[in-house]
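From a predicted model like this one, the values you see are computed outputs, not experimental measurements. Order of the sequence lines sets the chain letters (A, B, ...), proteins ahead of strands, with each chain counted from 1.
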Amino acid sequence: MKVRYWLLDINYGVIAGNIPEIRMWGVTPENERIVVLDRSFRPYFYVLPIRGYDPEKLAEKIKNMFSTKILACEVVEKRFFGKPLKVVKVICQVPPQVPELREDIKRIRGVEDVYEADIRFYMRYMIDNGIYPSSWNEVEAEELEKTVFRWNVDRVFLAQGPPKPLQLSRLPPLRVLAFDIECYNPRGSPNPEIDPVIIISVKTNKGDEKLFTARDHEDYLVIKEFVNEVQRFDPDVIVGYNSNKFDWIYLLERAKKLRIKLNIARNNEEPKQSVYGHFSIIGRANVDLYDLAEEMHEVKVKTLENVAEYLGVMKKSERPLIEGTEIYKYWDDNNLRKTLMEYALADVRSTLGLSDKILPFMIQLSSIVGLPLDQIGTASVGRRVEWYLMRSAFEYNELIPNLEERPHVSYKGAIVLEPKKGLHENIAVLDFSAMYPNIMIKYNISPDTYVEPFETIEEEKVYITPEVGHKFRKYPDGFYRKVLSRLLEAREKIRSQMKRLDPRSLEYRILDERQKALKVIANATYGYCGWTGARWYKREVAEATTAWGRTIISETIKMARKIGLEVIYGDTDSIFVKNVPEKVERLIEMVKERFGLRIKPDKIYIRVFFTEAKKRYCGLLPDGRIDVVGLEAVRGDWSELAKEVQEKVIEIILKYGDPFKAVDYVKSVIKKLERGEISISKLIIWKTLSKDLDKYEAHTAHVVVARKMVQAGIRLHKGDKIGFVIVKGASQRISDRAEPYFLVKDFSLIDVNYYIEKQVIPAALRILGYFGIKESLLKSNKKQRSLYDFFQ
DNA sequence: GCCTTGAAGTTACCG
DNA sequence: ACCGGTAACTTCAAGGCG
């Protein structure tokens, strides 16, 4: 019979000692949970003979040497960076043989290298069959007696043929379960050896909401009940926030200690750590929403509360907030315990709410690049691009290059213009759409079209890169040209489909997430090819792309000036010009004519302000909104107070053009600060711990504070944000006077002077300095409202 | 020994 | 663990001065 299913998870097992069995865990349109087994697929890899070595002979040799381990050995035609070649395909019995044989075969005389021996078996299976996770598939299969397997599924099937992809954009009715744990932690960070899990909160997308709580410090039942609840609800997706780096590790350790089996997978196993450090729960997708939150650069301190507020899931003002180190106090105090319960509930509600916002995008990303849903978040941006490329390589019969360690080589990037400082009115911002992908397509820039300097080739057959001189064949189409064109075309197609849909419809939402995912992959491809960790790394490719970019933007600026358009600023793929509609139109046409590339008016600023610095400006939009770019107000490492002041100053300047009004405002803030009328929370400065604590040479404030936190028993990791405030003290060094923010409750300890001189004033002066305002004016007590006073 | 200066280290931003 | 370009801050040691 034909079986249709949405592929949720995939793994494999070995049965009868030597038969690999692919297991595809899916959801059917009839809302059943199924597993489809395929016992017909075998692992394999390729062996490239050294130059001049007969591949047939090599195949024969390998066959003889490893006759007991190898199922078959055949010569196949492939391409490698576009060049046709013959390789030996070595087919093995079971997947664990691959890494073993790879090493043995590498050492054989006549072998140049081994390829595609590092692709996990289930990924190999999906690639070869052209099927994708998080999408619909169809397979001819017979149903097996499910009781034989004792797995938690409705039905089990055995594939009779290869699965095929189905083009359907709707989603199955997925069951989602969110969870969150709270641990007892009287000494800073909790230790699973001794500290119990005091609360596990659970919420499902079917409306269940449960708290499992410890009896004082006894958590056996908490974990047991959680396991029961997961088994009862039988979720397809389990979501958590930082669950891969905390909750699962803690729960597993705790469960081990208490001799509880955390058997929540659909094959009754425990979650186990897998490829990118995530926990795999067989048959379900274990998704850590923190991974995607990390990519949301608009939120500076990525706590669950902050991300939930940013995405409109839950306001911080509508939920209890408890400092991590204080949790145990709330547990021990009978009056406060209720608040902790509310806190745990708010966390799990936020987590489930977050999944509504984030999962649809992850699902599309998963179905485009081909990584299972539980791996998509943990894979780096580069690896996501790469999986997409690996899929494409298979389709084009291209050999996948091996991972290599390479030294870093830098190259020249984009151009940034010196801005014309000051206030400008009515400015149009013109952007090249998808500049780098389009450059790569247009000039056929790709590792497989690259012509080495020593190769001789007629000039008409190549594109020669300006400045750097790299040559790329005009034909045939390079790998990147093919891949990028497909991505961009797919996106355009979806966008035109969307125009016919109701923006409130589910399908519209799905397509919108899909087009966003396609855009993300296309835009990351340039960065990918200049990344030394990339399989398809080629410095010249990245270098040529930016070189063309520089030429194109420079020429565009010249053309603008030639037709009398004043250029105020430009960065990489954008130019800021005086908004003269006829001239702007003409420029767009000229660019199209000259380069075959599209530039579009992205936005218009009624007023825009530049300091002398690049990459920092602010502008007033027609609808009254204000853009702040690069300035302190949008940086995560300035105090909220300084950012707020700058934002207000910008608003006053852009809307009313009155620096003195801004001065009065700044002075009023300074007065409040002096009187202690500002909340300490607005004085916190956050900085990321970007490496291990012992690797720092410099004694910066956040490093010093981080060391103090570690002393206090708080476990810190690379990537953690350190929040501190500056307090009064004898030392000149700021780092000596930095304290963890949660230890400073009394405002009288705060070094108000620091906040005035090093936070508020610099942030305000960044803007007001241009208008001739001096620091002394901001600090003076005299009121002054006019130009006359100013010049006195 | 004190003050100035600039390099080095560091973070976070832009596109 | 995607790129280079850029601004800005703090620390720290060298250099200038007396």
Q) Reckon A:G533 touches a base, only the sugar-phosphate, or nothing at all at heavy-atom distances under 4.0 Å? A) nothing
task: Examine A:R391 relative to A:Y132 and say whether NZ or CZ is less than 6.0 Å from the centre of the six-membered ring and inside a 45° cone about the ring axis.
output: yes
NE2 of A:H424 to OH of A:Y605, rounded to nearest 0.5 Å, is 12.5 Å
Double-helix bend of the helix from B:dG1-C:dC17 to B:dG15-C:dC3, axes at both ends from 5 pairs, round to 10°, gives 20°
Item to complete: Kindly say if A:K300 contacts the phosphate of B:dC13, meaning a side-chain N or O under 4.0 Å from OP1 or OP2.
Response: yes
Exercise. Heavy atoms under 4.0 Å, any strand shown: does A:K718 hit a base, just sugar-phosphate, or nothing?
Worked result: nothing
Whether A:Y696 contacts B:dA8 is assessed here as follows: a side-chain N or O lying under 4.0 Å from the phosphate OP1 or OP2. Is that the case? no
Within 45° of the axis and under 6.0 Å from the centre of the six-membered ring of A:Y396, does NZ or CZ of A:K482 qualify?
-> yes
* Compute the ring centroids of A:F610 and A:Y569, then answer whether they are less than 6.0 Å apart. => yes
5' to 3', nucleotides 1-14 of chain C under a 4.0 Å protein heavy-atom cut-off (B base, S sugar-phosphate only, - none) gives SBSBBSSSSSSS--
Do the rings of A:Y741 and A:W686 sit parallel, tilted or perpendicular, given the 30° and 60° boundaries? tilted
Taking the same atom, P, in C:dC2 and in B:dG9, what whole-Å distance lies between them?
24 Å
Item checked: Test item: A:F742 and A:I714 side chains (from C-beta on) under 4.5 Å apart, heavy atoms -> yes
Check your understanding: Is it true that the NZ or CZ of A:K691 lies under 6.0 Å from the centre of A:Y696's six-membered ring and within 45 degrees of the ring axis?
Key -> yes
Here the distance between atom P of B:dC14 and atom CD1 of A:I553, to the nearest Å, is 18 Å
**OP:** Would you indicate, yes or no, if B:dT11 has its OP1 or OP2 atom less than 4.0 angstrom from a side-chain nitrogen or oxygen of A:H702?
**Re:** yes
Open item on the list: Any base atoms under 4.0 Å from A:Y617, or only sugar-phosphate, or nothing? Heavy atoms, all strands.
Closed with: sugar-phosphate
* Would you mind reporting whether A:N523 and A:K519 have side-chain heavy atoms less than 4.5 Å apart? => yes
Next on the checklist: So A:V634, base contact, sugar-phosphate only, or nothing? Heavy-atom distance under 4.0 Å.
Outcome noted: sugar-phosphate
Subject >> Charged N-O contact under 4.0 Å between A:E543 and A:R550 >> reply: no
